[in-house]
Amino acid sequence: MPASLASGDPHGTSSLIRWFLLLLLLAALPARGQDFDSLVPGLAGGFTQQAEAVERLGALGDPRALPLLRALSESRLLRAEGGVRVAPDGPAPSGPEVIRINNRVRVALRGALGRLQLVSPDPAERLAAADGLLRARSAEDIPLLEAALAREAVPRIRAHMELALGAARLGSPDPAVRRAGIAALGGTASPEARAVLLAARGTDEALSADVNAAVAAIDRRLSLRRAAETAFQGLSLGSVLLLAALGLAVTFGVMGVINMAHGEFVMIGAYTTVVVQEALRASPTLAPWSLPLAIPAAFLVTAAIGAAMERGLIRHLYGRPLETLLLTFGVGMVLQQVVRLVFGAQNREVISPPWMQGTLTLPFDITVTQNRAWIILFALAVLAATFAAIRLTRFGLEMRAVVQNRRIAATMGIRTGRVDALTFAFGSGIAGLAGVALSQIDNVSPNLGTSYIIDSFMVVVFGGVGSLLGTLIGAFTLGVVNKLLEPWAGAVLAKVAVLVGIMLFIQRRPKGLFALKGRAAES
Amino acid sequence: MSGEGLYLDGVTVVFDGFRALNTLSLLVAPGELRAVIGPNGAGKTTMMDVITGKTRPASGIARFEGHDLTRMEESAIANLGIGRKFQKPTVFDALTVFENLELALKAPRGPVACLRWRLSGAARSAIEATMEQVGLRERADDPAGLLSHGQRQWLEIGMLLMQDPKLLLVDEPVAGMTDHETAETARLLAGIAGDRSVVVVEHDLDFVRALGCRVTVLHEGTMLSEGSIDHVQADPRVVEVYLGR
Amino acid sequence: MRRLVLPGIVALLALLPLLNLLPEGSPFRVSDFVVSVAGKWLCYAILALALDLAWGYAGILSLGHGAFFALGGYAIGMHLMRLIGPRGVYGHPVLPDFMVFLGYQELPWFWWGFGNFPFALLMALLVPGLLAFVVGYLAFRSRITGVYLSIITQAMTYALMLAFFRNDMGFGGNNGFTDFKELLGMPLNTPFARFVLYFAALVALVGCFLVSAAMTRTKFGRVLAAIRDGESRVRFLGYDTLRHKLFIFVLSAMMAGLAGALYVPIVGIINPGEFSPANSIEAVVWVAFGGRGTLVGAVLGAFSVNALKTWLTSFAPDLWLIVLGILFIAVPLLMPRGLIGMLRR
Amino acid sequence: MNLRISRRAALLGLGALPLSAPAYAQGAPIKVGVLHSLSGTMAISETALRDTVLMMVESQNSQGGIGGRRLEAVVVDPASNWPLFAEKARELLQVHRVDVSFGCWTSVSRKSVLPVYEELNGLLFYPVQYEGEEESRNIFYTGAAPNQQAIPAVEYLMGPDGGEAKRIVLLGTDYVYPRTTNRILRGFLNSKGITNADIMEEYTPFGHSDWQGIVARVKRFAGEGKKTAIVSTINGDANVPFYRELGNQGIKAEDIPCVAFSVGEEELAGIDTRPLVGHLAAWNYFMSVDSPANRDFVQLWRNYIKNPRRVTNDPMEATLIGFKMWAQAVATAGTTSVDAVRTAMIGQKVAAPSGYESEMKANHHLTKPVMIGEIQADGQFSIVSKTPTAIAAENWSPFIPENANRRRG
């Protein structure tokens with residue numbers, strides 16, 4: 001992960017000396033007898049020609065190739081009279097003169113750039129270079145990698161370079177070198193190393209026993225990691241369920257209102273995110289903050305809709321839960337179609353900020369996706385905030401008082417109508433927060449909410465109505481069970497099995513995991 | 001020992017760590033009229049819930065005529081001959097007075113039996129007699145939803161009578177009644193006892209005095225005192241926890 | 001006067017397809033389209049009756065009746081698929097097309113017997129009945145009532161939908177069953193077949209109506225009403241409410257299955273979309289709109305809401321969901337007794 | 001936004017017209033039925049096709065209609081509900097008496113209306129790529145058959161430019177198109193020497209949104225030392241979360257390229273495509289095609305929809321081709337009578353926006369070029385491969401053995 005690397009120059013050498021070193025290294029490679037100038041026009045040719053030119057330029061080791069190859073990989077290389085030129089800095093160029101590449105050229109570029117950037121002053125580039133060479137696995141890179149490794153100080157990059165070196169050694173004609181490579185790769189816990197080893201096994205009958213042993217060693221180390229990753233997937237699904245269900249835990253659990261429009265509130269939260277992003281797109285200072293800014297916006301928008309719905313409609317139907325169910329279902333239909341008419345039926349694009357993209361490496365090399373890690377944290381934060389709002393604030397106190405005994409609360413001067421509206425708005429606002437999170441993993445379309453509503457109800461019923469702890473444990477249990485079942489039952493059957501499981505579970509405990517007991521709960 | 005009447009011994013009910021009933025014991029002989037009093041939260045209603053099968057005790061024995069009540073469904077307990085009148089009158093608003101009583105009338109209670117049920121002359125006259133007894137003759141064809149509060153209480157008592165129970169549990173029958181109605185009710189309940197056991201839960205001490213029966217005082221889920229109303233009122237513990245408040 | 005209303009409605013319904021026989025251009029002529037759509041509405045009316053028995057009379061708000069309807073439909077659909085025989089695209093004498101190209105070698109065991117019409121019809125009643133029995137027994141025994149029951153039944157139909165979407169289930173996956181050829185020797189997709197099916201549905205509707213009406217007038221009907229208004233009180237009267245609720249729930253599910261069985265040959269397709277929770281909730285709105293707890297109301301609701309839907313999906317395609325949504329909102333707020341309640345006032 | 005709503009209001013008017021004007025005599029308008037879902041799950045894809053048909057009607061009318069007769073669109077909403085498709089089809093044919101219909105997206109909706117069109121002898125143009133295994137005299141299929149999309153795409157993946165994949169992951173939504181396509185592909189792959197051990201096949205429900213586990217399993221499958229590629233027949237909504245997960249788990253096109261058959265410009269509009277550059281799609285048309293016909297098409301569309309950011313895609317192009325061919329066939333036949341138009345359709349040629357000439361063959365399918373596009377950072381496709389000519393459809397795939405004893409006619 002680039003952000004974890006210190007930028008700057010860890011070696012304390014000036015860049016001039018680096019370039020000198022690079023030249024020195026490359027001069028040590030066998031010369032190809034190809035001239036730089038004759039190769040460059042090939043970059044503007046057909047894909048096959050491009051790939052060849054890139055490979056040769058990488059092998060040639062002429063530092064002049066580096067900016068050209070970099071530009072090519074970033075779609076900034078342009079066709080020019082008799083050759084190519086690099087587009088000036090600024091917005092991405094467009095038009096027919098931009099040189100397009102395909103995957104084959106990209107693979108070649110990765111290897112070539114790897115060679116050229118291995119001693120770059122930028123640690124991120126050195127890391128990418130090491131990864132590029134790992135995939136290239138060419139014996140020709142061995143001296144290059146050994147030299148780079150000798151100078152590398154950042155442990156993380158060293159580890160990647162060692163992997164790349166091990167992979168490069170597998171291509172050596174000398175069996176002893178190959179064996180050393182196998183041993184080096186077998187000492188890691190890297191799936192890439194495993195793939196490289198397996199690829200080598202097919203071409204190298206003599207060493208297949210060594211390879212098998214190395215693969216088995218990696219598999220042992222990977223098993224823990226895979227279990228951890230499955231657990232993470234379960235927690236991630238659980239956090240999505242938790243977010244979707246939390247609002248219900250308030251409106252259904254506390255107020256007893258079945259809000260079938262809850263899913264649409266989630267959807268509106270997601271659309272609010274889209275609107276905020278589009279509104280801030282023009283402002284360079286605010287645009288990177290659009291997602292955090294969408295959080296209060298989504299909360300307020302859905303809370304306002306919730307409050308309006310409670311005061312305007314639901315209020316008239318207290319004590320008639322089945323009618324409320326129908327009414328809120330109707331509200332959901334109307335909201336969905338209105339959004340469809342206003343925003344169109346197509347998916348809306350939501351941009352993930354850079355810190356929510358890619359993977360994050362935890363201790364023991366467990367990799368998790370950033371967006372899902374953030375969503376887990378976000379879900380827990382929302383849960384904590386909900387808990388605090390109910391337990392620690394005046395509003396929470398009044399809310400609990402009204403729930404326990406509306407009449408006495410009213411006689412004590414609590415405006416119960418206002419508390420109802422606020423409670424419902426609060427639950428709806430949490431649905432909006434769920435929408436912000438879901439916009440980062442699901443598509444933002446008018447149907448967004450429908451797929452979550454039944455699952456959320458299941459979480460609340462399973463966890464125990466009215467219990468935040470139950471909702472938390474219910475959501476994570478369902479998420480993890482789902483993910484454990486998925487590999488052997490398939491995604492659909494896993495879900496069906498979980499639904500049936502809940503239906504059977506509430507036979508044994510009709511009030512859910514964390515039931516409120518006593519007379520108050522029964523009436 | 002437990003062959004006849006109602007027998008509770010060591011009954012304990014726990015809600016979330018709170019002991020609603022704590023080793024409660026109670027014996028009601030056949031034909032006996034018994035009043036149960038106690039402050040709010042003493043466990044009176046919970047005791048009735050245990051007897052009628054609504055709540056399962058954590059431990060203890062509850063028997064009626066030798067049947068273990070803690071293992072039976074509410075409907076089965078009702079069919080043993082235990083009738084219950086709730087604190088809040090619960091009659092079926094959508095049905096007429098006549099139909100309410102017809103439902104309560106002792107008859108086969110399965111779905112198919114109900115589908116094939118035809119009102120016989122004997123059944124009709126039994127229902128009419130009860131309507132007479134509770135003074136709702138003129139309202140026979142009115143939906144119960146239209147009755148006054150007092151009339152609903154009476155209808156519910158009528159339904160209890162139609163069930164022909166051996167034991168009646170009556171929860172605060174006179175709450176919200178006028179003085180006149182209260183006196184009438186006391187007379188009615190006293191009249192019912194003798195053929196059947198009656199357990200009355202009440203707050204109103206004047207009413208309990210009017211019943212003129214043995215009184216059990218509950219406090220914090222356990223029996224505090226038992227005896228005549230005068231004996232109970234003289235008990236210093238009772239004075240402290242209940243009457244003294 | 002009131003005694004003539006019902007026979008009058010039945011007579012009008014019976015007359016409707018006959019108007020289709022009038023020559024083209026006659027002002028009273030009813031098109032084939034109307035006959036087939038009205039046939040579909042008759043099936044929906046049976047479903048509404050079934051739902052009303054459970055909800056309006058016994059207070060069991062099932063949000064999963066669409067599942068019983070769909071299961072009934074699937075049973076007949078399986079029969080219709082078997083009847084296609086070698087007329088399928090791949091000409092296999094036994095296996096339906098979708099099994100052929102999914103590589104089935106022989107008919108799965110749960111398809112046995114569906115070549116026989118009485119068996120299929122029996123299954124159309126028994127399978128929904130059995131499912132209702134199992135779900136109802138489990139739910140009623142643990143005293144799951146009110147909105148909890150609604151959520152559970154909704155989850156039930158949702159789980160079935162997911163399961164039936166799977167091609168591996170052997171029910172044709174998302175495509176379900178379609179392109180039927182014949183039923184009881186009668187070629188489908190002809191005006192004559194539509195006539196026959198229409199009258200079959202009408203007879204079934206009248207039959208279900210009469211049975212329901214008779215049943216609700218017995219003491220059983222009054223027990224149901226009592227359960228709806230105060231279930232625990234009924235138990236203290238000595239009624240085992242589990243048995244009563246189960247009885248009406250299973251009966252209602254079987255009626256829904258019958259409706260589905262009639263529906264499939266009329267519309268010519270059955271697929272997992274019928275299990276969608278929204279379908280079941282829509283059926284609840286028919287009943288609520290017409291007036292729950294009254295049989296006429298259920299039928300009236302099914303007809304009027306579906307007529308509105310058919311008209312709006314052509315006239316205002318973008319707005320019909322909004323109109324339907326508003327109906328959902330308005331009925332509980334403004335007309336809790338439904339159309340019938342308003343008419344009676 | 002205001003524009004959109006007023007356009008919809010105008011649409012309502014259009015929909016209302018046929019109810020109030022039932023006349024149909026010579027010289028009366030030619031009625032064009034539009035049978036696309038405007039609500040429910042399929043609205044996301046089908047509303048654009050409804051707009052395309054309306055655009056073509058408007059454009060044809062501005063050129064004086066056909067043979068002096070105006071065209072009039074009749075729009076209905078089958079609401080992503082398959083039985084409702086059959087009902088609405090019957091309504092179009094029997095109540096509105098349309099001369100032709102354009103409609104359907106999913107195979108099940110087409111299967112639902114097929115008996116209706118056959119019974120009432122109507123005419124339906126179906127514009128979406130599909131699994132084949134069908135041929136109705138009342139339907140013209142203007143999308144691709146599997147040999148016009150899936151097989152060339154997999155050939156590309158196995159070739160030098162595609163990375164010489166030796167291991168294939170078949171990911172699909174669990175319905176008939178992916179199932180059939182994957183069956184055909186498996187047959188094809190086996191014929192190319194790829195054994196079943198090197199094929200992973202997995203299905204997910206509609207709208208599946210949690211792809212963590214599956215993408216992780218794909219990574220593992222790809223980590224067995226052979227070059228691996230994904231062939232995706234994932235439908236509709238599920239693509240956005242799938243591609244997000246692909247990007248976030250760091251699956252780069254250079255390592256595991258993914259080629260999709262149901263992802264076009266419209267679907268990409270909802271995704272940040274920067275992490276996806278290099279993944280592929282196979283279609284018969286891309287918006288980025290550089291041809292005069294395509295420039296006209298894109299211009300016409302943007303003028304009509306009044307939004308310069310809206311994109312065109314393959315099913316829209318297929319709708320356009322079908323519409324133009326039908327208009328030509330009506331002009332040739334001199335009547336809108338279904339039998340005459342059907343005969344006149346065969347052999348019609350249209351210079352398609354794809355830059356190739358498409359021809360309607362006797363099997364009611366078009367000849368089409370096959371193009372492979374790489375996803376670009378701007379949400380468009382860069383065309384990295386295309387066939388030299390338009391190729392004919394094999395709607396009965398030779399890779400399905402049962403087609404050998406298929407009932408002819």
Side-chain angles (χ1 to χ4, degrees), chain C residues 31-34 36-37 40 73 86-92 95 97-98 100-103 161-162 165-168 172-181 188-191 263-264 266-274 276 278-279 309-322, chain D residues 8 11-12 15-16 18-19 34 38-40 50 74-88 90-96 106-108 111-116 118-120 131 133-135 173-180 183 203 205-206 396 400 402-407:
Chain C
S31 74
D32 277 7
F33 167 72
V34 174
S36 71
V37 168
K40 194 174 91 168
R87 280 168 292 186
V89 169
Y90 303 110
H92 196 289
L95 295 184
D97 284 345
F98 74 88
V100 175
F101 69 62
L102 286 179
M161 179 178 78
L162 290 179
F165 263 126
R166 296 181 70 238
N167 274 285
D168 294 337
N174 176 53
N175 275 21
F177 309 142
T178 182
D179 204 13
F180 309 130
K181 307 291 185 204
L188 294 168
N189 285 319
T190 60
Y263 170 85
V264 168
I266 290 178
V267 300
I269 180 171
I270 175 80
N271 72 77
E274 295 297 335
S276 136
N279 280 20
K309 180 171 172 177
T310 297
W311 180 65
L312 279 175
T313 45
S314 294
F315 178 68
D318 283 328
L319 296 179
W320 81 267
L321 265 181
I322 294 185
Chain D
R8 275 164 206 283
L11 255 176
L12 289 184
L19 287 177
V34 186
L38 310 178
S39 56
R50 185 261 325 250
V74 182
V75 180
V76 292
D77 178 17
S80 312
N81 175 332
W82 318 137
L84 200 56
F85 263 92
E87 180 186 318
K88 290 289 153 192
R90 189 174 288 280
E91 182 182 339
L92 283 176
L93 291 171
Q94 291 196 316
V95 177
H96 302 294
T106 60
S107 279
V108 54
K111 297 258 184 216
S112 165
V113 302
L114 183 138
V116 178
E118 289 190 345
E119 180 198 335
L120 302 173
E131 67 280 2
E133 303 298 299
E134 192 180 296
E135 192 175 315
T173 299
D174 193 357
Y175 72 110
V176 66
Y177 167 67
R179 288 260 175 192
T180 316
R183 180 148 186 246
Y203 295 97
F206 283 92
W396 302 104
I400 291 198
E402 288 81 7
N403 278 337
N405 32 334
R406 178 174 63 81
R407 194 173 51 89

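Since this is a predicted model, take the numbers as computed values, not measurements.
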(request) With the side chain counted from C-beta on, respond yes when N174(C) and R179(D) share a heavy-atom pair under 4.5 Å apart, and no when they do not. (result) no
(request) Check each atom of N271(C) against the heavy atoms of chain D and say whether the ones under 4.5 Å are side chain, backbone, both or neither. (result) side chain
(request) Taking the side chain as every heavy atom from C-beta outward, state whether W320(C) and D77(D) have any atom pair closer than 4.5 Å. (result) yes
(request) Quick one: list whatever passes side-chain hydrogen bond (donor to acceptor under 3.5 Å, both in side chains) with E134(D), sequence neighbours left out. (result) R110(D), K111(D), Y141(D)
(message) Heavy-atom cut-off 4.5 Å, strictly under: side chain, backbone, both or neither for E87(D) against chain C?
(response) both
(request) Using non-hydrogen atoms and a 4.5 Å limit, figure out which bit of T310(C) sits close to chain D: side chain, backbone, both or neither. (result) both
(message) Among L38(D), T173(D), V176(D), which residue has the highest count of heavy-atom pairs closer than 4.5 Å to chain C?
(response) V176(D)
(message) For the interface with chain D, which of L312(C), V267(C), N167(C) has the highest count of heavy-atom pairs at distances below 4.5 Å?
(response) N167(C)
(request) Tell me, for D97(C) versus chain D, whether the close heavy atoms (under 4.5 Å) come from the side chain, the backbone, both or neither. (result) neither
(request) In sequence, state the C-alpha distance, the side-chain angles, and the governing distance for V108(D) and I269(C), and then conclude on side chain to side chain contact (heavy atoms under 4.5 Å, CB included). (result) CA-CA 9 Å; V108(D) 54; I269(C) 180 171; 4.1 Å; yes
(request) Under 4.5 Å heavy-atom distance to chain D, tell me which part of F180(C) shows up: side chain, backbone, both or neither. (result) neither
(message) What part of V37(C) gets within 4.5 angstrom of chain D, counting heavy atoms only: side chain, backbone, both, or neither?
(response) side chain
(message) What's the separation between atom OH in Y203(D) and atom CG in D168(C), rounded to the nearest 0.5 Å?
(response) 8.5 Å
(message) Suppose we screen for side chain to side chain contact (heavy atoms under 4.5 Å, CB included). Which residues come up paired with V113(D), at least two apart in sequence or across chains?
(response) L35(D), F85(D), A89(D), C104(D), Y117(D), L124(D)
(message) Rounded at 0.5 Å granularity, tell me how far OG in S112(D) sits from CG in D179(C).
(response) 10.5 Å
(request) With rounding to the nearest 0.5 Å, note down the distance linking CD in E91(D) to CZ in F33(C). (result) 4.0 Å
